[in-house]
Amino acid sequence: MEAKKILFIGVGNNSRADDALGWALAETFANSTAFTIELRYQLQIEDALLVSEYEQVIIADATEIAYPAGYAFYRCKPTRTEAFTTH
């Protein structure tokens, strides 16, 4: 059986200490063969092609929400929003 392809995207900016969580977490998996690691300042529409090539995608990004365990995993669900910016 072929191994599942898993993409790990760390979102953030390592020059901004308040927004470097995704990159820092990705670095902890740098030597792992379980994931393909990508770093992004923010997700762009162009990333949809990359994401479509994987069976599973994990996106790590900072949030202002205080989770009891310090983190949370959840499925991303599409929503319709109309906004000037997505940042």
Could you please spell out the steps behind the side-chain contact (heavy atoms from CB on, under 4.5 Å) verdict for Ile59 and Phe8?
CA-CA 6 Å; Ile59 301 170; Phe8 186 102; over 6 Å; no
Would you check, one step at a time, whether the test side-chain contact (heavy atoms from CB on, under 4.5 Å) holds for Val51 with Ile9?
CA-CA 9 Å; Val51 167; Ile9 301 176; 4.1 Å; yes
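In terms of heavy-atom proximity, Gly10 sits nearest to Ala26 at CA-CB, 4.3 Å. Ser52 and Leu49 get closest at one heavy-atom pair: OG-O, 2.6 Å.
Using a 4.5 Å heavy-atom threshold, the side chains of Val57 and Ile6 count as separate.
In this view, Thr36 and Tyr54 satisfy the side-chain hydrogen bond (donor to acceptor under 3.5 Å, both in side chains) rule, not counting sequence neighbours. With sequence neighbours left out, the side-chain contact (heavy atoms from CB on, under 4.5 Å) criterion links Glu46 to Gln44. Every residue two or more places apart in sequence or in another chain that forms a side-chain contact (heavy atoms from CB on, under 4.5 Å) with Tyr71 is listed here: Ala69, Phe73. Under the side-chain contact (heavy atoms from CB on, under 4.5 Å) criterion, Ile65 pairs with Thr63, Tyr67, sequence neighbours left out.
Sequence neighbours left out, not one pair with a member in residues 56-75 passes salt bridge (Lys or Arg N to Asp or Glu O under 4.0 Å). Residue pairs that meet the salt bridge (Lys or Arg N to Asp or Glu O under 4.0 Å) test with at least one member in residues 29-43, sequence neighbours left out, are Glu38-Arg40, Arg40-Asp47.
The NZ atom of Lys5 sits 12.5 Å away from the CD atom of Gln56 when rounded to the nearest 0.5 Å. For the atom pair Ile58 CD1 and Leu7 CG, the distance stands at 9.0 Å (nearest 0.5 Å). Atom CD of Glu27 and atom CG of Leu39 lie 7.5 Å apart (nearest 0.5 Å).
Distance alone, capped at 3.5 Å, places no donor-acceptor pair between the Ser32 side chain and the Phe29 backbone.
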